[in-house]
Visitor: 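Pasting a structure below so you can have a look.
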Number of protein chains: 2
Amino acid sequence: MAANRRPTLADVAREVGVSAKTVSRVLNEDGPASARTREQVLAAVDRLGFQPNLMARNIRVGGPDTTVGLVIPDLGNPFFGAVARAIEDTVRDRGLTLLMGSSADAPDRERALTDKFLARRISILMVVPSVGADHSHLKSHRTAGLPVVFLDRPGSGLPTDNVVSTNRDGAHDGVAHLIAHGHRRIGFIGDLPTKLYTRRERLAGYRSALQEAGLPADRALITNAHDQHGASTATSQLLGLTDPPTALFAGNNIVALGIVTELARSGRKDVAVVAFDDVELAEALEPALTVVAQNPEEIGRTAATTALSRLDGDRTRALTITVPTRLIVRGSGERPAPALREA
Amino acid sequence: MAANRRPTLADVAREVGVSAKTVSRVLNEDGPASARTREQVLAAVDRLGFQPNLMARNIRVGGPDTTVGLVIPDLGNPFFGAVARAIEDTVRDRGLTLLMGSSADAPDRERALTDKFLARRISILMVVPSVGADHSHLKSHRTAGLPVVFLDRPGSGLPTDNVVSTNRDGAHDGVAHLIAHGHRRIGFIGDLPTKLYTRRERLAGYRSALQEAGLPADRALITNAHDQHGASTATSQLLGLTDPPTALFAGNNIVALGIVTELARSGRKDVAVVAFDDVELAEALEPALTVVAQNPEEIGRTAATTALSRLDGDRTRALTITVPTRLIVRGSGERPAPALREA
DNA sequence: GTGAAAGCGCTAACAA
DNA sequence: TTGTTAGCGCTTTCAC
């Protein structure tokens with residue numbers, strides 16, 4: 001079957017016997033149009049199956065495309081899924097559509113995606129920046145009026161709005177919870193790479209909690225993993241130390257899955273766990289998993305409203321907005337520490 | 001700060017002292033260009049921060065936009081996240097970008113999204129169709145050469161490629177597993193609405209397994225839920241019956257979360273569970289959750305490769321491709337049924 | 001190897 | 001109330 005050319009405004013105009021501009025007027029509810037013409041035009045549109053070419057329209061109007069470019073590390077990670085959903089819900093009312101891509105945390109993939117998005121003249125750019133990515137190339141776009149917001153981690157190379165969780169305080173609270181329950185040797189399994197903003201902040205919170213309690217910082221207890229399987233391996237390694245930790249702090253949701261799975265597999269009910277970021281089924285575990293919950297909905301919504309107000313002309317100073325985390329105590333942080341049992 | 005006009009091809013041309021066409025040639029590696037001109041052009045592009053306007057290019061070239069329109073029910077559901085990731089991974093090599101939106105399973109939102117996508121002249125349309133949505137309006141686009149693929153559920157109103165799981169057989173196997181372990185009263189908690197394709201298919205599998213075993217089909221054991229909380233409620237209602245089920249079959253991942261959470265909350269370790277679709281932490285539960293796992297990666301990849309081959313001119317008959325599910329036995333289906341204990 | 005003119009589908013700015 | 005002309009930023013066509 002031949003690929004028929006799609007009908008254009010001109011085709012509709014010819015069909016009705018009016019000018020292209022008249023059809024345009026009817027469809028965009030621009031200027032006036034007699035009831036009769038309107039009817040005829042709409043009928044012809046229907047008959048021909050005409051659908052206006054949005055690209056052509058945009059090019060003529062000159063404004064930005066009605067899309068939001070969103071770069072996240074992984075479409076499959078539920079945390080970013082929740083963020084994306086909140087963003088979509090917020091911008092939909094404004095008629096904006098999501099252009100999405102995953103960077104796999106690789107700076108070159110991130111750059112390729114943003115370049116593509118920019119070439120489409122997106123209305124808003126939102127990025128979860130990869131480690132090592134430089135964003136100074138966005139400067140000219142910013143001054144040209146493009147709202148740029150970084151999510152989950154701050155961008156680098158230019159001043160823009162950032163929306164991040166209270167990583168340091170949240171991790172501090174989670175670790176303090178473990179300490180309050182008698183644990184003195186607490187393992188930390190963070191994300192990778194170690195330069196990652198969230199990794200550093202959460203580790204800083206871990207350290208400050210230890211310090212505050214006068215506990216020594218043992219480097220052997222600090223390790224990393226970049227996926228669930230790696231976190232499982234890291235867990236068994238930590239527990240295999242000659243002086244092993246009695247509690248573990250998970251640096252993110254994926255690490256938490258790895259830790260919990262490994263503990264279940266090896267039947268280690270005696271190891272306390274607190275995780276950064278909530279996970280599904282946390283309350284159905286035995287014991288239920290205590291977490292420092294992030295608020296992905298709020299992160300997405302805040303980022304979107306910030307970007308929209310920039311789009312509306314807000315030229316005030318760039319802000320770093322901090323979305324609070326919340327310690328949800330469910331039990332896993334309260335497993336008796338050996339120190340207490342011996343006492 | 002004034003919103004400076006972004007530089008155009010003409011600006012670059014003027015800067016170098018060549019024609020616009022020459023710049024175009026250099027950038028697209030179209031016709032010939034002297035090494036010297038090329039250098040100068042590239043330098044000017046860099047200096048001015050020029051980025052070609054993809055919309056303008058597309059409009060002139062007349063081809064479809066290099067995007068894939070994807071409509072899913074919920075960006076936050078990990079199942080669809082995994083599907084989307086697989087799609088992106090597959091189409092990225094072809095230079096295609098994802099245009100995404102969530103329908104919330106509402107036909108009008110689905111229609112609004114697809115219309116927007118079509119107005120952008122997407123290269124491929126992929127949709128998880130909502131219940132009650134009619135797709136006959138896509139007919140003209142199909143004949144005009146637009147590949148249309150339905151995911152997870154078949155579309156209606158026109159012949160197109162569909163990619164779905166082996167819902168019926170999978171559910172059958174899951175329920176048969178419960179029966180094999182002595183259960184005779186098995187509750188079914190399905191998705192909503194009840195007209196949903198996956199709901200119907202999985203229920204049919206449930207019924208066929210009962211029938212095969214010569215077990216009666218008790219309507220009181222069949223119920224539904226449209227979110228996790230609803231599934232929890234449904235669970236306690238089923239267990240509150242005078243002749244309650246000894247096992248539950250979850251119609252999807254969200255329902256599974258609700259069932260498992262409710263059983264944990266009420267301390268009911270005696271109820272067997274099998275879930276359709278795998279969930280995180282399934283193996284860390286006690287007992288570990290037995291599931292009929294779907295293969296979202298394969299669903300996404302298959303849908304994408306099918307669509308790409310259509311884009312390449314494959315005009316063979318529309319196919320409904322079935323991606324196999326896999327019963328993963330982890331323990332929760334093997335809890336002793338009262339019938340056995342009494343024996 | 002390079003340029004001039006025309007035109008993709010649409011709308012702004014004017015005129016009628 | 002409607003039409004005409006011009007032009008958005010780019011590429012095609014054909015000439016040089």
Side-chain angles (χ1 to χ4, degrees), chain A residues 3-42 44-45 48-66 116 118-123 141 144, chain B residues 3-42 44-45 48-66 115-116 118-122 141 144:
Chain A
N4 295 325
R5 195 178 55 80
R6 299 209 63 74
T8 73
L9 252 198
D11 294 328
V12 178
R14 199 173 316 115
E15 177 93 356
V16 183
V18 295
S19 79
K21 178 64 203 176
T22 300
V23 178
S24 169
R25 270 196 275 256
V26 170
L27 294 179
N28 296 310
E29 295 179 345
D30 200 13
S34 77
R36 197 175 127 62
T37 333
R38 159 176 283 103
E39 264 177 52
Q40 288 184 308
V41 166
L42 293 177
V45 162
L48 299 182
F50 168 78
Q51 284 193 287
N53 186 325
L54 211 66
M55 293 191 288
R57 175 176 215 285
N58 269 323
I59 231 195
R60 175 66 254 228
V61 175
D65 191 12
T66 56
K116 268 199 161 188
L118 294 169
R120 287 173 184 284
R121 302 299 188 261
I122 53 177
S123 289
H141 293 91
Chain B
N4 294 323
R5 198 177 55 81
R6 299 210 63 74
T8 73
L9 250 199
D11 295 327
V12 178
R14 202 174 314 116
E15 176 93 357
V16 183
V18 295
S19 79
K21 177 64 206 173
T22 301
V23 178
S24 170
R25 268 196 276 257
V26 170
L27 294 179
N28 295 312
E29 294 177 346
D30 199 13
S34 76
R36 197 174 128 62
T37 326
R38 161 177 279 104
E39 265 177 51
Q40 289 184 306
V41 166
L42 293 176
V45 162
L48 299 181
F50 168 77
Q51 284 193 291
N53 186 325
L54 210 66
M55 293 192 287
R57 172 174 217 287
N58 268 323
I59 231 196
R60 177 65 254 227
V61 174
D65 191 12
T66 56
D115 279 351
K116 268 200 161 186
L118 293 169
R120 288 173 183 285
R121 301 297 187 261
I122 52 178
H141 293 92

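Naming: A, B, ... by sequence-line order, numbering from 1 per chain.
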Visitor: Considering only nitrogen or oxygen atoms on both sides, find all protein atoms under 3.5 Å from nucleotides 9-13 of chain C and state each distance.
Guide:
from   : atom 1 : to      : atom 2 : distance (Å)
C/dG9  : N2     : A/Ala56 : O      : 3.4
C/dC10 : OP1    : A/Asn53 : N      : 3.0
C/dC10 : OP2    : A/Leu9  : N      : 2.4
C/dT11 : OP1    : A/Asn28 : ND2    : 2.8
C/dT11 : OP1    : A/Arg57 : NE     : 3.0
C/dT11 : OP2    : A/Ser24 : OG     : 2.7
C/dT11 : O2     : A/Arg60 : NH1    : 3.1
C/dA12 : N7     : A/Lys21 : NZ     : 3.4

Visitor: What is the distance from atom CD1 of B/Ile122 to atom NZ of B/Lys116, rounded to the nearest 0.5 Å?
Guide: 13.0 Å
Visitor: Output all residues satisfying side-chain hydrogen bond (donor to acceptor under 3.5 Å, both in side chains) with A/Arg14, sequence neighbours left out; order by chain, then residue number.
Guide: A/Asp11
Visitor: With B/Gln40, which residues qualify under side-chain hydrogen bond (donor to acceptor under 3.5 Å, both in side chains), at least two apart?
Guide: none
Visitor: Find the distance B/Arg36:CZ to C/dG1:P and express it as a whole number of Å.
Guide: 15 Å
Visitor: Please determine which of B/Leu9, B/Leu27, B/Thr37 meets the side chain to side chain contact (heavy atoms under 4.5 Å, CB included) test together with B/Thr22.
Guide: B/Thr37
Visitor: Can you sort out the partners of A/Arg121 under side-chain hydrogen bond (donor to acceptor under 3.5 Å, both in side chains), two or more places apart, ordered by chain and number?
Guide: none
Visitor: Between C/dG1 and B/Thr37, is there an OP1 or OP2 to side-chain N/O distance shorter than 4.0 Å?
Guide: no
Visitor: Grab the CD-P distance between A/Glu29 and D/dT2 for me, whole Å please.
Guide: 15 Å
Visitor: Applying salt bridge (charged side-chain N to carboxylate O under 4.0 Å, His left out) as the test, list every pair that has at least one member in residues 28-41 of chain A; sequence neighbours left out.
Guide: A/Lys21-A/Asp30
Visitor: Check whether any side-chain N or O of B/Thr22 sits under 4.0 Å from OP1 or OP2 of C/dG1, and answer yes or no.
Guide: no
Visitor: Name all residues meeting the side-chain hydrogen bond (donor to acceptor under 3.5 Å, both in side chains) criterion together with A/Asn58; count only those two or more places apart in sequence or in a different chain, and write none if there are none.
Guide: A/Asp65
Visitor: Starting at the 5' end of DNA chain C and moving along, which residue's nearest nucleotide shows up first, B/Gly62 or B/Gly31?
Guide: B/Gly31
Visitor: With sequence neighbours excluded, tell me which residues meet side-chain contact (heavy atoms from CB on, under 4.5 Å) with B/Ala44.
Guide: B/Val12, B/Glu15, B/Val16, B/Arg47
Visitor: Roughly what angle, to 10°, lies between the helix axis at the start of the helix from C/dG1-D/dC16 to C/dA16-D/dT1 and the one at its end, five pairs per end?
Guide: 30°
